[in-house]
Amino acid sequence: EVQLVESGGGLVQPGGSLRLSCAASGFPFSTSDMTWVRQAPGKGLEWTSTLNGKTGDTFYADSVQGRFTISKDNAKNMLYLQMNSLKPEDSAMYFCARAGGGDFLPDYWGQGTQVTVSS
């Protein structure tokens, strides 16, 4: 059974940092493409970043480029999202997903972790 469990969300002031974690199990994590997607209240899903499991290449949305870093620890089956210079518009529920649906589309999702950026 595929399981993805996010953690690390919380309340942070603008300009602050957070690191989200995602514990993965039930599939070959080391070679799987992984992605982070977010959803702000009342808005649709927004892709933020993807990591190619085979090459290690990373891809970012323009809105987070230069501020967010996606990474993984294959030994621990963990996916991370380091978020720096956070802005109020980064406030959202953040979901970890396996991007195994073709063209890096998500096929399995975690339950999400809430990030709120506010003073």
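Atom-to-atom distance recorded for Asp73:CG and Ser30:OG is 11.5 Å, nearest 0.5 angstrom. Distance check: Leu105 CG to Arg98 CZ gives 12.5 Å after rounding to the nearest 0.5 Å. The CG atom of Leu79 lies 7.0 Å from the OG atom of Ser71; values are rounded to the nearest 0.5 Å. In this structure, OG on Ser49 lies 11.0 Å from CZ on Phe59, to the nearest 0.5 angstrom. Here the straight-line distance linking atom CG of Leu4 with atom CZ of Phe29 works out to 8.5 Å at 0.5 Å rounding. The CG atom of Asp107 sits 10.0 Å away from atom CG of Asp33, with the distance rounded to the nearest 0.5 Å.
The backbone N or O of Gln111 sits less than 3.5 Å from a side-chain atom of Glu6, completing a donor-acceptor pair. Judged by distance alone, the side chain of Tyr60 and the main-chain N or O of Ile70 form a donor-acceptor pair under 3.5 Å.
The minimum heavy-atom distance between Phe95 and Trp109, with the atom names listed, is CB-CE3, 3.8 Å. What you find for Ala92 and Gln114 is that their closest heavy atoms are O-NE2, 3.3 Å. Closest heavy-atom contact between Asp90 and Ser85: OD2-O, 4.4 Å. Heavy-atom minimum distance, Pro14 versus Ser119: CD-N, 3.7 Å. Taking every heavy atom of both residues into account, Pro41 and Ser91 meet most closely at CD-O, 4.4 Å.
Between the side chains of Ser63 and Glu46, a donor-acceptor pair is found at a separation under 3.5 Å.
With sequence neighbours excluded, the residues satisfying side-chain contact (heavy atoms from CB on, under 4.5 Å) with Val115 are Leu18, Leu20, Met83, Tyr94, Val117.
In this structure, Asn52 and Phe104 have side chains that are in contact, with non-hydrogen atoms separated by less than 4.5 Å. Residues Cys96 and Trp36 meet the side-chain proximity criterion, which asks for heavy atoms closer than 4.5 Å. Side-chain contact between Val64 and Arg38 is present, with heavy atoms from C-beta onward closer than 4.5 Å. Counting heavy atoms from C-beta outward, Ser118 and Leu11 have side chains that approach closer than 4.5 Å.
Under the 4.5 Å side-chain heavy-atom criterion for grouping Ile, Leu, Val, Met, Phe, Trp and Tyr, Leu51 is connected to Phe68 within one hydrophobic cluster.
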